[in-house]
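Here's the structure, in C-alpha cells; my notes come after.
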Amino acid sequence: MPEAIPPHKRALTDTTNNIRGDARKGFGSTQPQKSQFEEEVLEKLTQDIGDLKGNNAEKDQQWERPPLGDFDPTKENICFQQIDAEEGRFGADKMAVRLFGVTELGQSVMLHVTGFQHYLYIAAPVGFTKEDCGPYRAFLETKLAQMVPVIQSVEVTLRENLYGFQGNQKSWYLKITVTDPKFIARLRSALETGSGSMNYKGLWSNSDSGILTFDSIQYLLRFMIDTGLHGMSWVEAKAGKFRLLSDHERQSNCQVEAIMDYRDMIAHAPNGEWAKMAPLRILSFDIECAGRQGIFPEPNVDPVIQIANVVTRYGESKPFIRNVFCLDTCSLIVNTQILEFEKEERMLMAWRDFLEKVDPDVIIGYNIANFDFPYLLDRAKHLKCTQFPYWTRVRNCRTEAKEASFSSKQMGNRETKATNTNGRIQLDLLQLVQRDHQLRSYTLNSVSYEFLGEQKEDVHHTMITELFNGTPDSRRRLAVYCLKDAYLPQRLMDKLMCLVNYTEMARVTGVPFNYLLSRGQQVKFISQLFRKALEQQLVIPNSKSQDEQDYEGATVIEPKRGYYGVPIATLDFASLYPSIIQAHNLCYTTLLNKNSVEKLGLKKDEDYIVTPNGDMFCTAKVRKGLLSQILEELLGARKRAKKELASETDPFKKAVLNGRQLALKISANSVYGLTGATVGKLPCLPIASSTTSYGRQMIEKTKAEVEARYTIANGYSHDAQVIYGDTDSVMVKFGVTELEDAMKLGEEAADYVSSKFIKPIKLEFEKVYFPYLLINKKRYAGLYWTNTKKHDKMDTKGIETVRRDNCLLVQNVIETVLNKILIDRDIDGAQE
DNA sequence: CCTAATGCCTAG
DNA sequence: TGAGCTAGGCATTAGG
Ligand SMILES: Nc1ccn([C@H]2C[C@H](O)[C@@H](COP(=O)(O)OP(=O)(O)OP(=O)(O)O)O2)c(=O)n1
C-alpha cells in the first residue's frame, strides 16, 4: 500500500512519545472530553489483545505469511487441511476440483485435482440381459451425443436401486460419463423429459415418460464422495505424484499451487493423528460508515470511514495484527497500527492490499454477509475502484455479492447475500448465533453480553458522523469502538468454539465447511448416504416430486394437570427415533412390499418384520440397512461429545459441548425427518411413519409396564402413576415422598423397561422434578434434581418465561410466581 | 358471543 | 441434489 505510507508514517512519528510515555493511560489524562467509559473499554481491549513486543506497532505487525522456504517437490509431500473446494477447470481439462487448504506450518495451498469425471446412471429396461444392453448402450451413445455433446462413455454395470430390498439381486445399469460436469444437468433433463427420440425399439410406448436417472448430484460432492474426502480433513499429495505449477500457470495467490490426478490424491480419514487442526489465519473486521441523520447508510452516498482488523492464528489466544484503516487523521491507539488516508478510494485499495498480504484462511465478523461485504463492494463500485473487489485466492476472480435465499418449513424464508471469497472460509457470527442459539435479540451488544458477559456500549449511529467530523481524538474514539467490534466476533468465535464444532460436523457428515452455514440438513444426509451407497454399489434415484402427504407423529400423554408436592421421576428413551431405526433396521434398502416378500419367500419375524404401521422391512440378518450405519456414526460422535461434556468442569465450556452434542442429535433426528420430507429429495414415508408408530407403541408400553409393576399388590408402597409423557418420555409419580426413593425407583424402572426392548433402544432415568407443576401439554415447570443434595435448576417448559413472543414484564412476573410456588412452596403467596 | 382458521413459537 | 419431521398451546382474527 504505497499510497498509504505518507500519512501513516506521519501519524506514527508525530506521536511516538505518547506511545512510549504512558501506553496504558493513552490519551485519557490529557483529553478531558473523553469519557471514563471509553478508557475502560480501551484498557480492557488492550488486556484482551495483549501486548505486542515493544511499542512500535508498525514494525512488529508482520502481515505476510511465513515464507515457504525451499521446497523440493521430488522429495517432499504436500499435506494440508482442506478448508474450501470448488469446481474449476484447468487448461483444457474441463473437470478439475480446486482444493484450498493450509499446511501444518501455516502455508496456504491450492491443489488442482484433475481427471475425475462426472457421471450418472440410468436403469436398463426391465428384463434386459447383458447382451441386450450392448446394442442399447450403442444406441444411447449416439443419441445422447446428439443432444449433449460431452458424452465420454456409456458403460454397462451391475447396480442396485437404493429403494426396496430385492433379494440382493443386482441388475443392469448404464453409467453415463461426461467430459464436462456443467452438462450433467442438461443430460439429466434430456433423459427425464424423454423426448421421443430416446425411445429405444418402442420400449416406451408412452413417449412422454422419460427415463429415470440415478445418482445425480453436484460434481463437487460427487468428487468428495468418490475420493473419500471429507470437509475440513487432511489431504496429502506424495512427492513425485504432483507437479508444482510455474508462475505463468498459476491461478491462485497461494504459496503452494500444484496439480495432480485424483487417483493419486490421499484423503486421510479425520481420526487419530489426522484429527488435528492447521494454524488457520483468521481475519476479523468491522467497518464504520458515516451515515446521514435518520437514514440507514447507503453506499452510493455515505462513505466508509473506518475499517478495523484483527488477525489471529488458530490455536493462539492473542491476535498478532490489529489495525484501523481511517479516513482523515486519527490519534493513536495503544498497540494498534493506525493507517490514515485522505481519500476513501485509497483507503479501500489499501485495505484490499492488506487482505491480500495477510491472506486470511477465515474471514469473520458480525453481519458481514449482509452488511459489511456488500457495502464495501457497492461503495467501491460507486467510487469506481475497479481493482477493489478481488478478495479471492483465485487470480482474476472477482468478488461479487449475490442474492441468495434459504427457505424451509422450520426456518421460514430467509433472504441473504452471498459474497464469494474463493479459497477463504467466511463465518458470519450473526448467522451462526442465529442458527445455533435462541435469543431475544441478536445485536452484537446483547450477544456479547450473553456469551462474554460484556456490554459493548454502542456508539449510537447518529454519533458516528459527528465523531468523524470532529478532531483526530474524536475519530480515535470511533476507531476504538470499531476495533472492539472487530475483536468481539473473534472472541465470540473462540468462546463458542465455532471452528472446532463446525469442523467436527463437516468431518462427520463429509460436506465442505461453507455448506454448514449456507445449506440445510438435507445435504449433510445426502453426503453420508451417497458414501454408504457407493460402498454397496447402490444407486439413488432422482425422485420426482411426490404428492404431499402427512403422516401421524408422536403421542403426547394426556396430562393429569396439577401441582405435585412429591418427587416425579422422568424416564426418557435415548435418541428415540434413531434408535428405533437402528433396532428395527428401517432403511430404504430394507423396505419390502408384498410382491417381493412373496417372490423371495421371506418368513415373517425371521426374515422380515411388519411395523405397527403395516409396512415391511427385512431384518438385519438378511441385510443391514444403510441408515443404521449412518446413525451409528452420528450417535458415536454424539456419545464422544457427551463424554467430554461429562468430564468438563468449566460451565461455559460445558454449555458449548452441550451445543455440539445437540447439533449432532439434530443431525441424527434429521435422518428420520428427511425420510418424511416429501418436498425433499429422498422421501420414504414408510420409514418415517413406521418410526413414529413404533414410538407411539413404545410410550404406551412404557406407561403400561411401569404402572403394572410398581403397585401395592407387588409390594411397593404406592401404586405408581404416569401423569404425563411426550413422545419419548414418561413422568412417573411413584408416590414416594423422598427424592432418594424416587431416584432409586426411577433407575430401576428404566432398567426394567429397557430390558423389554431390542438393542440399542434404551430407557434412561434422567431426572426428578420436585416439586412439579403440570399446567398443560407441553407446559410445565419444576425443580430439576439429579442428586439428592441440591436441585440443579428450575426447569420451565413452554411457559411464557421461555417464549420470545411476550414482553419482559410478563416473563418476570411469571418467573417470580414460579419461584414462589416451586422453591418457597408458597402457593398462597403466588396467588396474589 | 362463539368457533374455526391462522400465525407464532415451542416440545420433542 | 433448494428446503429434516409432527404435536400442540395460546393469541388474534374472520365470519356467522
Ligand atoms: N429436533 C427434534 C427433536 C426430537 N425429535 C424426535 C426424535 C427424537 O428421537 C424424539 C425425542 O426427542 P428428544 O428431544 O427427547 O431427544 P432424543 O431422544 O433424540 O435425545 P436424548 O438422548 O437427548 O433424549 O423426538 C425430532 O424429530 N426432532
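Since the model is a prediction, treat every value here as computed from it, not as a measurement. Each chain gets a letter, A, B and so on, in the order the sequences are listed, and its residues count up from 1.
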Check your understanding: Taking atom P in both B:dG12 and C:dG4, what distance in whole Å separates the two?
Key -> 23 Å

Quickly work out the [X] [atom1] to [N] [atom2] distance and round it to whole Å.
| X | N | atom1 | atom2 | result |
| --- | --- | --- | --- | --- |
| A:R561 | C:dG8 | CZ | P | 12 Å |
| A:I799 | B:dA11 | CD1 | P | 10 Å |
| A:Q434 | B:dC9 | CD | P | 13 Å |
| A:L682 | C:dG4 | CG | P | 12 Å |
| A:D550 | C:dC5 | CG | C1' | 10 Å |
| A:Y588 | C:dG4 | OH | C1' | 10 Å |
| A:F573 | B:dA11 | CZ | C1' | 17 Å |
| A:K665 | B:dG12 | NZ | P | 9 Å |

Review point. Would a 4.5 Å heavy-atom cut-off, applied to side chains only, mark A:E633 and A:R531 as touching?
Key: no

Exercise for review: Determine whether any donor atom in the side chain of A:S408 lies under 3.5 Å from an acceptor atom in the base of C:dG4, or the reverse, and answer yes or no.
Suggested key: no

Within the 4.0 Å heavy-atom criterion, would you say [X] contacts the bases, only the backbone, or no part of the nucleic acid?
| X | result |
| --- | --- |
| A:V556 | sugar-phosphate |
| A:G673 | base |
| A:A688 | nothing |
| A:T727 | sugar-phosphate |
| A:Y551 | sugar-phosphate |
| A:F406 | sugar-phosphate |

Review point. 5'-most contact on DNA chain C: A:K681 or A:L674, nearest heavy atom basis?
Key: A:K681

Study note, to complete from the structure: Of A:S518 and A:K778, the one whose nearest nucleotide on DNA chain C sits closer to the 5' end is A:S518

Expected list for residues 550-560 of chain A: side-chain donor-acceptor pairs under 3.5 angstrom, two or more places apart:
from, atom 1, to, atom 2, distance (Å)
A:Y551, OH, A:Y672, OH, 2.8
A:E552, OE2, A:R696, NE, 3.4
A:E558, OE2, A:R561, NH2, 3.3

Pairing donors with acceptors under 3.5 angstrom, does anything connect the side chains of [X] and [Y]?
| X | Y | result |
| --- | --- | --- |
| A:Y119 | A:D226 | yes |
| A:T177 | A:Q117 | no |
| A:Q661 | A:N658 | yes |

Nearest to the side chain of [X] - [options]?
| X | options | result |
| --- | --- | --- |
| A:D726 | B:dT10, C:dC10, B:dA11 | B:dA11 |
| A:N776 | B:dA11, C:dG9, C:dC5 | C:dG9 |
| A:N669 | C:dG4, B:dG12, C:dT6 | C:dG4 |
| A:Y780 | C:dC5, B:dA11, C:dG8 | B:dA11 |
| A:K777 | C:dA3, B:dA11, C:dG9 | C:dG9 |
| A:R779 | C:dC10, B:dT10, C:dC5 | C:dC10 |

Check your understanding: With ring centroids as reference points, do A:Y262 and A:F223 lie under 6.0 angstrom apart?
Key -> no

Point to revise | Presence of A:Q521 side-chain N/O under 4.0 Å of C:dA3 phosphate oxygens OP1/OP2 | key: no

